[in-house]
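Order of appearance sets the numbers: ligands from 1, and atoms from 1 within every ligand. The model shown is predicted, which means the values in this text are computed figures rather than measured ones.
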Amino acid sequence: MVPFLLALDEGTTSARAVLYDERGRRLAMESNPIDCMYPHPGWVEQNADQIWSAQLDAALRVLDRSGVRAGEVAAIGITNQRETTIVWERATGRPVAPAIVWQCRRTADYCTQLAAIRGSMITAKTGLVVDAYFSASKIRWILENVPGARKRAEDGDLLFGNVDTWLIWKLTDGGTHVTDPSNASRTMLMNLESGDWDDELLALFEAPRAMLPRIVPSSSVVAETAAGHLGAAVPIAGIAGDQQAALFGQTCFRPGLSKNTYGTGCFGLMHTGGHRPVSKNKLLATRAAQVSSPQFAVEGAVFIAGAAVQWLRDSLGLIATAAESEAVASSVPDAGGVYFVPAFVGLGAPHWDSSARGTITGLTRGASRAHIVRATLESIAYQTRELIEAMEADSGERLTELRVDGGATSNNFLMQFQADILGRRIVRPSDVETTALGTAYLAGLAAGVWKSLEELERFWQIDRAFEPHMSDPERNRLWEGWKTAVRKCRG
Ligand code: ADP
C-alpha cells in the first residue's frame, strides 16, 4: 500500500486539508473560510463548532477529490493558529463561550498590570513577554465571566484547549485531550525548561490543572480518529503550532537554521537546539516541534510587512496589484534616499515601541512613485534584518542562509534585496506551504513512513536561491540610513 499523509492546517482565516504522498509531495489541498466576529472594539472571536466542521469538511473533500480512502492514510498531522483559547464541557463537548482568538485584546489591561508586578518571573519561566496574545489571560477571562465556569472547571467538568487540542478531542469523540510542547509553550502556563504545566503560573492565572490537556511530543501516535468521521480510524501522529510547523517543514532541524515567513506580517524563527534560550533582545523563547528530546527556538515578529504593500494598493492607489510592486520597484536603480518605516501599529521585536508611527523620510522633489514603492519593499527586508540580528545575538549562532515562505516571497526584487541587505543567501523552496508540510512530516515520522530527519532533508528542494551581490560599503550606508529613519519614527 502507498501511504498517504493528511495535514489539517487550521489557520486564523481558513481551515485547510492537504494530502501528501510518501515522498512529501503535495497531491491536493482543500480549504474552507473561518469567520471572525468583532463584538466590541479590540475583541476577536470565532465559533469553535464552525472551526471543527470547516476542518472536517476540508478533510473529507481533499480525500474525495484525490480518490484516496481514509484507510489508505498512514497518519494525520495537525497544525493550528496558536494561542486561540477554547473552553468546553467535558460531558457534552459544548463550548461554554466563543473561541477567544489570539489577536483579541480584551485582557490587555489585566496583562499590563500583571507585567508590572510579575513580568520578570513570567518571562523567566515561559520565555514570553506578558501580553494578551497568549492563552492564560484568556482562560482566566472565560472562568471569570461565564456564570459558574470557575466552579465547574475546578470540579473537572470543563476542558481547555488551543485549536489543536480541540480538533483532536472532536476527532476522537472526546477520547483524547492532548497538546504538544510547541502549542503549550504559547499558553503562558508551561514552564519552558521542564515542558510541564507550572504550578506557580496556574495559581497566578487561576487555571485549574484538571482542565489542561496532557503534553505529548509533537511527533507521536496519540490516538486514532473515531471511524465515523473520515470513514476509517486513522492515527493522529503529528501536532505543532503553525510557526513551529513551518520551521519543521523547512527542515530547520539544527541550531542556526532559520525561516522567515513573509505574509501580512513576518514571523522569523531560529532553531537554537536542545537548550532553553534566554533572549536579551526582546525576542520570544519558545519550544520547536519535538520528535524525541526537547527542542527550542527564538522567535520574532514584524507587524507590518505585506500589509504595507496592501496599503500602497488600497489606500494610496500607487499600484494596482501587490505583484506589480516588483516591476515598479525595479524601474529605479535605488530608493533615491527615501525610507518608509511602516510602524502603523508601533514597532515589534526588537524595538517593542507601541507609540512609534509610520514615517516616510528623505523625500526630495525628485522622489517618485517608484521610489516610494521601492522603499516599501525595502522596509520588509530591513525589518527582517533587525529580527535576524537579534536572533543571532541571542543564540550565538551565525545564520548561514535564510529559508523563506509566505505570499510575498514570490517577489524576486524583495528576495534579492533581502539577500543584499542581510549579506546572506536567501533560499526559496519549491513547496512554500511549509506549515502543512511540517505537520505531515511530524505525522509521517511517528507512523514510520519516514525513518529519520535526514530522509526529510533530502525532500527539501530549492525553487530559487538569491546570493548577496551588494558591496559592504553600500550595504552599510543603506543600513545606517534605515536606523536613522527608525529613530525618527519612534514615539
Ligand atoms: P497571510 O498568510 O498573512 O494572509 P500571505 O502569505 O497570503 O499572507 O501573503 C499575503 C501578503 O503578501 C499580502 O499582505 C500581500 O500584500 C503580500 N504580497 C503578495 N504578493 C506579493 C508580491 N508579489 N509582492 C509583494 N507583496 C506581496
Which residue and heavy atom of the protein sit nearest [atom], plus the separation:
{"atom": "atom 11 (C) of ligand 1", "value": "Gly263 C, 3.8 Å"}
{"atom": "atom 3 (O) of ligand 1", "value": "Thr264 OG1, 2.7 Å"}
{"atom": "atom 21 (C) of ligand 1", "value": "Ala322 CB, 3.8 Å"}
{"atom": "atom 20 (N) of ligand 1", "value": "Gly407 O, 3.7 Å"}
{"atom": "atom 24 (N) of ligand 1", "value": "Asn411 ND2, 3.0 Å"}

Measuring to protein heavy atoms, does anything land under 4.0 Å from atom 26 (N) of ligand 1? yes
Listing, residues 339-348 side-chain donor-acceptor contacts under 3.5 Å, not counting sequence neighbours, or none:
| from | atom 1 | to | atom 2 | distance (Å) |
| --- | --- | --- | --- | --- |
| Tyr339 | OH | Leu478 | O | 2.8 |

Between CG of Leu6 and OG1 of Thr225, what distance do you get to the nearest 0.5 Å? 9.5 Å
How many angstroms lie between CD1 in Ile426 and OG1 in Thr409, if you round to the nearest 0.5 Å? 11.0 Å
Within the 4.0 Å heavy-atom shell around [X], which atoms of ligand 1 are there?
{"X": "Ala408", "result": "12 (O), 18 (N), 21 (C), 26 (N), 27 (C)"}
{"X": "Gly406", "result": "6 (O)"}
{"X": "Ser410", "result": "23 (N)"}
{"X": "Gln310", "result": "14 (O), 16 (O)"}
{"X": "Ala307", "result": "14 (O)"}
{"X": "Ser325", "result": "24 (N), 25 (C)"}

Using a 4.0 Å heavy-atom cut-off, which part of Ala305 comes near ligand 1: side chain, backbone, both, or neither? neither
Evaluate side chain to side chain contact (heavy atoms under 4.5 Å, CB included) for Asp35 paired with Gln50, printing each intermediate quantity in order. CA-CA 8 Å; Asp35 299 322; Gln50 186 200 29; 2.9 Å; yes
Do any nitrogen or oxygen atoms of Gly306 lie less than 3.5 angstrom from nitrogen or oxygen atoms of ligand 1? yes
Aromatic centroids of [Y] and [X] separated by under 6.0 Å:
{"X": "Trp166", "Y": "Trp88", "value": "yes"}
{"X": "Phe417", "Y": "Tyr382", "value": "yes"}
{"X": "Trp102", "Y": "Phe134", "value": "no"}
{"X": "Trp43", "Y": "Trp141", "value": "yes"}

Can you list everything that forms a salt bridge (Lys or Arg N to Asp or Glu O under 4.0 Å) with Asp57? Sequence neighbours excluded, please. Arg61
